[in-house]
Amino acid sequence: MPEGPEIETIRRDIEPLLVSQVISKIWVNPVFFKTKAQITAFKKLEGKTIHSLGRHGKLLWIDTAYDQSVLIRLGMTGRLHVQEKKQILEKHTHIRIEFENQKELRFIDPRRFGSFILSTHNNKNSEIARLGPDPFSWKESDFKNIIGRIQKSNRSIKNILLDQSIIAGVGNIYASEALFVAKIFPEQKGCELSTKKLTQLLMASQKVMNTALQHRGTSFMSYVDGWGERGDNFSHLFVFAKTNQPCINCQTLISKITQSGRSTFYCKRCQQSLVNRTRNGTSDMI
DNA sequence: CCCCTATCCTGAGGGC
DNA sequence: TGCCCTCAGGATAGGG
């Protein structure tokens with residue numbers, strides 16, 4: 001469900017409710033876990049105090065004292081809420097982390113594509129190391145490395161944006177949005193794009209994600225924040241889920257295509273391909 | 001290696 | 001009302 005801005009919204013919502021809380025009991029739904037060892041591992045958390053919450057890309061983690069961290073991926077439909085223990089349980093509640101103050105953190109995930117993993121700090125760091133720079137925290141010195149990797153790739157730029165090992169936190173909504181802002185054709189290959197154009201794309205990614213964070217995320221289908229409220233960013237999108245609606249720049253109707261099984265939305269006039277542009281067969285970088 | 005496809009799941013919505 | 005189909009903010013093993 002969530003991309004970087006949505007995960008960060010949730011992290012900010014729940015962190016003040018969790019820091020310094022003592023975990024009194026862990027409850028898990030066995031259906032959610034593949035092995036019994038994973039379930040029993042969570043018992044180690046009982047009695048531990050929560051130290052802080054962190055995030056990189058779409059990966060969220062809870063650090064406790066000692067060497068235990070919980071790594072959380074929300075997948076397509078995962079949600080996190082801090083509620084009173086006595087509050088009625090929603091269907092598909094898979095994890096409850098109860099605290100001494102009579103509240104509990106609940107993880108709800110109908111499709112079960114999310115994950116909830118107890119790990120050491122070392123293991124957490126190696127998971128973070130698999131991810132590329134995050135637009136909320138990257139430095140300009142990261143750009144050269146990111147752009148170099150993109151220009152080595154034969155894949156479409158849309159698919160590259162979804163690759164978490166290159167840029168962390170961009171998902172299907174903000175990939176389309178960033179390409180629109182940077183005026184890049186989604187099927188253009190990474191190796192066909194100039195450094196100048198890719199710099200614009202990185203800036204555009206940062207811009208659309210910052211806007212989304214300011215509006216507490218995009219509620220397209222099921223996403224809600226840590227309080228169970230929908231985010232306001234849907235009305236600030238340019239192209240995502242706007243098939244056959246006029247482009248804000250040129251009024252051309254927005255197109256929808258499928259790339260690697262996932263929908264991409266773009267303006268075929270504002271985001272023209274290299275092939276369409278150079279009819280003589282020469283391949284100037286755009 | 002690199003890249004694409006199928007797959008893991010439930011639920012909402014449309015057509016008939 | 002129900003049945004069947006498609007689609008959905010993600011990640012990844014495995015095959016070509």
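Atoms considered below: every heavy atom in the structure, side chains included; atoms not considered: hydrogens, waters and symmetry mates. Protein chains get the first letters and strands the later ones, always in sequence-line order, with residue 1 at the start of each.
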Whether the A/Asn29 and A/His94 side chains hold a donor-acceptor pair (N or O, under 3.5 Å, no angle test) is what I'd like checked. yes
Of the listed C/dA11, B/dC3, B/dT5, the closest approach to the A/Ser260 side chain comes from B/dT5
Quick one: label A/Ser115 by what it contacts on the DNA or RNA (base, sugar-phosphate, nothing), any heavy atom closer than 4.0 Å. nothing
Of the candidate nucleotides C/dA8, B/dT10, C/dA11, which contains the atom at the shortest distance from the side chain of A/Lys256? C/dA8
Considering only the P atoms, how many Å lie between C/dG14 and B/dC9, rounded to the nearest integer? 16 Å
Picking from B/dC9, C/dT12, C/dG10, the nucleotide nearest the side-chain atoms of A/Arg111 would be B/dC9
Whole-Å distance separating the CD1 atom of A/Ile166 from the P atom of C/dA11: 14 Å
Short side-chain N/O contact to B/dC2 OP1/OP2 from A/Lys152, under 4.0 Å: no
Integer-rounded Å distance: B/dC2 C1' and A/Leu162 CG: 17 Å
Side chain of A/Asn154 only, please: which of B/dC3, B/dG11, C/dA8 is the nearest? B/dC3
My understanding is that only one of A/His121, A/His51, A/Glu127 makes a side chain to side chain donor-acceptor pair (under 3.5 Å) with A/Ser69; could you say which? A/His121
Looking only at the side chain of A/Ser263 (C-beta and beyond, no hydrogens), which of the listed nucleotides B/dC3, B/dT5, C/dA8 gets closest? C/dA8
Relative to each other, are the rings of A/Phe107 and A/Phe32 parallel, tilted or perpendicular (30° and 60° limits)? perpendicular
Phosphate OP1/OP2 of C/dA8: any A/Thr77 side-chain N/O under 4.0 Å: no
Ignoring backbone atoms, test whether A/Arg262 places a side-chain nitrogen or oxygen under 4.0 Å from the OP1 or OP2 oxygen of B/dC4. no
Take atom CD1 of A/Ile72 and atom C1' of C/dG10, then tell me their distance rounded to the nearest Å. 16 Å
Any donor-acceptor pair under 3.5 Å linking the side-chain atoms of A/Ser165 with those of A/Asp163? yes
Under the salt bridge (charged side-chain N to carboxylate O under 4.0 Å, His left out) criterion, do A/Arg216 and A/Asp13 qualify, and how do the steps go? CA-CA 10 Å; A/Arg216 305 185 55 76; A/Asp13 286 348; 2.8 Å; yes
Interatomic distance where NZ belongs to A/Lys91 and C1' belongs to B/dG11 [whole Å]: 9 Å
Given C/dA8, is OP1 or OP2 found less than 4.0 Å from the side-chain N or O atoms of A/Asn172? no
Atom pair distance, as rounded to whole Å: CD1 in A/Ile7 and C1' in C/dA11: 13 Å
d(CZ, A/Arg79; P, B/dT10) in whole Å: 16 Å
Of the candidates C/dA11, B/dG11, C/dG10, the side chain of A/Glu3 sits closest to C/dG10
Quickly work out the A/Met221 CE to B/dG13 C1' distance and round it to whole Å. 9 Å
B/dC8 - base-pair partner by Watson-Crick or wobble geometry, distances under 3.5 Å: C/dG10
Under 3.5 Å, is there a donor-acceptor pair between the A/Asn101 and A/Gln21 side chains? yes
Can you find a side chain N or O atom of A/His92 that sits less than 4.0 Å from OP1 or OP2 on B/dC9? no
Starting from C1' on B/dC9, measure out to CD1 on A/Ile108 and report it in whole angstrom. 17 Å
Within the 4.0 Å heavy-atom criterion, would you say A/Tyr174 contacts the bases, only the backbone, or no part of the nucleic acid? nothing
Establish, with yes or no, whether the OP1 or OP2 oxygen of C/dA11 is under 4.0 angstrom from a side-chain nitrogen or oxygen of A/Arg73. no
Measure from the ring centre of A/Phe113 to the centre of the six-membered ring in the base of B/dC8, then say whether that distance is under 5.5 Å and the planes meet at under 30°. yes
